2 protein chains.
Amino acid sequence: MDAQQPRWLADDEMQTWLALARVLIRLPAALDDQLQRDAGISHFEYQVLVGLSGAPERTLRMSSLAVFANGSLSRLSHVVGRMEKAGWARRTPDPTDGRYTLAILTDAGWDKLVATAPGHVEAVRALVFDPLTRAQQRQLGDIGRRISRAVDPAGSHLDELST
Amino acid sequence: MDAQQPRWLADDEMQTWLALARVLIRLPAALDDQLQRDAGISHFEYQVLVGLSGAPERTLRMSSLAVFANGSLSRLSHVVGRMEKAGWARRTPDPTDGRYTLAILTDAGWDKLVATAPGHVEAVRALVFDPLTRAQQRQLGDIGRRISRAVDPAGSHLDELST
DNA sequence: TTGGCTCGGTTGACACTTCAAGCTAGGCTG
DNA sequence: CAGCCTAGCTTGAAGTGTCAACCGAGCCAA
């Protein structure tokens, strides 16, 4: 690193940041790969399945589902469109307020999730939890919530959500 | 969560995983936004600039650069193509072995990085380091390296790299 | 030296995300 | 109750990453 190098981080911070940056890139890619390989779906689609499966009537408004799945409404609309073609979901206007659209998980969608979830959970365990001590697992939760709060002060209380 | 819900994680693990999942999605997005807004470049392009800036002669083989920037050779090729048009880099066959291509940072590219880095470092500090205690910062480094190693046992020793 | 092999790199087609514009239902204001 | 406004959602176009096929330089074996 030469003398004109723009101001950067202290050495130990740099090591931490490099490790984190690698995780930020590689971990989602690895999880996506596992889902793609074993189930032919993206992590985002998986989150949509999980979101709907945990909701009453297996039904959620598109806008709520978008928040849950951490994506834009536009992206969700495209994806649910594809999932409708696959027979995993269907859409219908909210009878109580026609401005909303309800996304509903079909039985086929439920079956898809049941078939997919164990393998994915296994991958999360293998890549995230198993390499860490119990103490580190707890630390990671706290650290994640703190960073979350810094990134998006408004939405981070959603961390308390159930599945 | 109803009784037929597919097997999932224990409650505390679930909380940790949800927090981490949020970070995995939102933190890169936030950092990308900052770079896009302030400098009009993606995080990947930024990494390319950093990689070249720290190399001898500000020059690196495409394949080494791809590893450093955590991306595929194909992606790098497209991106360096765009950066060449912007005048930030140029390419030339390696004189010592024509099979390799050398990517070289131009003065304009160097200037671009110098103009961009401080703001980006600031964002990393604000979103990652500031919300954590010193102890957590150290923990995060260790945790990151462990997960890194689990995700990609081959490449994770690169964590020891300097910029 | 010539033919085949390996591998770094490029290219073009396809898929997906994003962005901006548009549509429609319901609320609100006159 | 008529017209406007807001907001949820959809849609099509444009940009970007991925994938697979391809190209060409050097190596090696016959």
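Every heavy atom of this structure was used, including side-chain atoms; hydrogens, water molecules and symmetry mates were not. Sequence lines set the chain letters: A, B, ... in the order given, protein chains first and strands last, and positions in each chain run from 1. Since this is a predicted model, take the numbers as computed values, not measurements.
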Atom pair distance, as rounded to whole Å: CG in L73(B) and P in dG24(D) | 17 Å
Can you tell me how far C1' of dC28(C) sits from CG of D97(A), to the nearest Å?
-> 15 Å
Are side-chain N/O atoms of D32(A) and Q36(A) paired as donor and acceptor at under 3.5 Å?
-> no
Return the value, rounded to whole Å, for the distance between atom CE of M62(B) and atom P of dG24(D).
-> 18 Å
Closest heavy-atom pair and its distance - S42(B), E45(B) | N-OE1, 2.8 Å
Give a yes or no on whether a donor-acceptor pair under 3.5 Å exists between the nucleobase atoms of dT11(C), that is its base, and the side chain of S74(B).
-> yes
Does any donor atom in the side chain of Q137(A) or R134(A) lie under 3.5 Å from an acceptor atom in the other side chain?
-> yes
Between T101(B) and G98(A), name the one whose nearest nucleotide on DNA chain C is closer to the 5' end.
-> T101(B)
From CA spacing to verdict: side chain to side chain contact (heavy atoms under 4.5 Å, CB included), T16(A), R138(B) = CA-CA 7 Å; T16(A) 298; R138(B) 278 190 299 274; over 6 Å; no
Would you find a donor on one side and an acceptor on the other, under 3.5 Å apart, between the side chain of K112(B) and the backbone of A39(B)?
-> yes
Determine whether any donor atom in the side chain of H78(B) lies under 3.5 Å from an acceptor atom in the base of dG15(D), or the reverse, and answer yes or no.
-> no
Please give, in whole Å, the distance from dC9(D) P to I104(A) CD1?
-> 13 Å
How long is the line joining CZ of R82(B) and C1' of dT10(C), in whole Å?
-> 14 Å
Per S63(A) side chain, nearest of listed nucleotides dC9(D), dG17(D), dA25(C) | dC9(D)
Whole-Å distance, D32(B) CG to dT17(C) P, equals 15 Å
S72(A) side chain, from C-beta outward: closest of dT18(C), dA25(C), dG9(C) = dT18(C)
Starting from the 5' end of DNA chain C, give me the residue, R75(A) or R99(B), whose nearest nucleotide shows up first.
-> R99(B)
Interatomic distance where CG belongs to D94(B) and P belongs to dT10(C) [whole Å] | 13 Å
Given atom CG of D33(A) and atom C1' of dG17(D), what is their separation to the nearest angstrom?
-> 13 Å
